[in-house]
Amino acid sequence: MSAAKIPDISKYLTRLPHIWCSGCGNGIVVGAMLRSLEKLNLEQSQVAVVSGIGCSGRAGTYLNLCGFQPTHGRALAFATGVKLGNPKLHVIVLAGDGDTLSIGGNHFIHACRRNIDVTLVLFNNSSYGMTGGQHAPTTPEGYKTTTTPYGNIDGNFDAVDLAKSSGATYIARSTIYHASQLSDLIAKGISHKGFSVIEAMTICPTQYGRMNKLGGAVEMMETLRKDAVSAKKAAGMDTDALKEKLLTGELYVKEGATEYTEAVQNVIAKAQKRRAQ
Ligand SMILES: Cc1ncc(C[n+]2csc(CCOP(=O)(O)OP(=O)(O)O)c2C)c(N)n1
């Protein structure tokens, strides 16, 4: 039996080497995203990438794709403008949990609410990596970061729940251990008409892992493997067994909801008709 062909993503990569620390999971997320483009047979000219500010936000700067890196927290607002300006483009946002859920939290809930046809790949490393490992809205209670040396006292957001309650219509989660699944989910998110959120659980062994004694990259990936349970498998498990688990796979899909770019086009058509009268 011949091995499955691994898509060649070299044409997308420019300006290497990157700045990520050894053991960082960001490269795996980027690889998964690029393989999703290959799976969908998308030409480079059909895609625009908007990235956040942070270690994960650097991703866009290494790609041979049209890209923009606006100010911290504004990636989704900027992506909304790009999509409205050229609705034919597949607009992909690559941004961290801090960028998306902290300073950009407002833009996140409104992008979900509008159901604009943009795909967000949310890099969740449970912290602010680039600025020194501070706590983020995703840092679990009790965990240590440089700003919570005695343990985090804030509750953490579940990005999936937040996306669902705010109106996103495709929501999925995977991890850097499950790179192939992650790539498939990103491809499905891109194909979905409406706002898609793919939460990519990644690792920061340099800051977050060290402060919480979670081991090196291999141990942290092993923890992701152990913690993950597919949504299908979870359906047959009781609540107690799922307590410390991380649900993965497609977690919410709603088809047929009004998509924002189309809604704007309809308003433009109505206004033009009125003017012509
Ligand atoms: C307006 C503004 N505030 C703060 C910063 C400093 N800053 C840069 S990156 C960052 C946090 C990044 O965290 P996250 O989005 O989770 O990305 P990561 O580095 O973990 O991938 C912060 C606070 C900034 N660049 N601009």
Side-chain angles (χ1 to χ4, degrees), residues 15-34 49-63 67-79 92-112 118-141 143-149 152 154-160 162-163 173-176 179 182 186 197-212 214 217 220-221 223-224 246:
R15 298 201 209 136
L16 294 173
H18 56 71
I19 60 154
W20 296 320
C21 305
S22 124
C24 173
N26 287 348
I28 299 180
V29 183
V30 177
M33 188 280 285
L34 294 176
V49 169
V50 182
S51 38
I53 297 286
C55 298
S56 45
R58 291 290 294 196
T61 66
Y62 303 129
L63 304 180
F68 307 88
Q69 194 179 26
T71 47
H72 193 35
R74 275 66 172 181
L76 285 168
F78 201 89
I92 301 171
V93 173
L94 304 175
D97 47 336
D99 192 289
T100 308
L101 301 174
S102 192
I103 191 168
N106 209 11
H107 294 298
F108 175 73
I109 58 174
H110 293 291
C112 293
V118 164
T119 299
L120 166 68
V121 180
L122 173 56
F123 293 59
N124 185 349
N125 61 1
S126 313
S127 57
Y128 289 3
M130 178 162 268
T131 41
Q134 293 88 346
H135 73 299
T138 46
T139 309
E141 227 174 305
Y143 276 71
K144 290 183 181 167
T145 67
T146 46
T147 40
T148 57
N152 179 28
D154 295 349
N156 59 310
F157 273 146
D158 180 322
V160 165
L162 188 59
R173 185 194 281 130
S174 189
T175 85
I176 55 157
L182 180 60
I186 297 172
V197 180
I198 295 90
E199 185 178 25
M201 303 304 295
T202 181
I203 55 171
C204 174
T206 303
Q207 312 272 10
Y208 187 77
R210 183 177 48 82
M211 287 212 67
N212 291 290
L214 302 176
M220 289 182 83
M221 282 183 83
T223 304
L224 287 176
L246 190 67

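Atoms within each ligand, like the ligands themselves, are counted from 1 in listed order.
- Taking every heavy atom of both residues into account, Cys55 and Gly129 meet most closely at SG-C, 3.7 Å.
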Quick one: do Asn124 and Thr100 satisfy side-chain contact (heavy atoms from CB on, under 4.5 Å)? Show the steps, please. CA-CA 10 Å; Asn124 185 349; Thr100 308; over 6 Å; no
Quiz: residues 104-111 side-chain donor-acceptor pairs under 3.5 angstrom, not counting sequence neighbours:
unit_1: Asn106; atom_1: OD1; unit_2: His110; atom_2: NE2; d: 3.2
unit_1: His110; atom_1: ND1; unit_2: Arg113; atom_2: NE; d: 2.9
unit_1: His110; atom_1: ND1; unit_2: Arg113; atom_2: NH2; d: 3.0

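- Enclosure of atom OH in Tyr62 by more than 12 non-hydrogen atoms of other residues, nucleotides or ligands within 6.0 angstrom is indicated.
- Around ligand 1 you find Ile53, Gly54, Cys55, Ser56, His72, Gly96, Asp97, Gly98, Asp99, Ile103, Asn125, Ser127, Tyr128, Gly129, Met130, Thr131, each with a heavy-atom distance below 4.0 Å.
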Give every donor-acceptor pair under 3.5 Å between a side-chain atom in residues 132-141 and any protein atom, sequence neighbours left out.
unit_1: Gln134; atom_1: OE1; unit_2: Thr131; atom_2: OG1; d: 2.9
unit_1: Gln134; atom_1: NE2; unit_2: Thr131; atom_2: O; d: 2.9
unit_1: His135; atom_1: ND1; unit_2: Thr147; atom_2: OG1; d: 2.8
unit_1: Thr138; atom_1: OG1; unit_2: Asp97; atom_2: OD2; d: 2.4
unit_1: Thr139; atom_1: OG1; unit_2: Ser126; atom_2: O; d: 2.7
unit_1: Thr139; atom_1: OG1; unit_2: Ala136; atom_2: N; d: 2.8
unit_1: Thr139; atom_1: OG1; unit_2: Ala136; atom_2: O; d: 3.2

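- Applying the side chain to side chain contact (heavy atoms under 4.5 Å, CB included) test to Thr71 and every residue at least two apart in sequence or in another chain returns Arg74.
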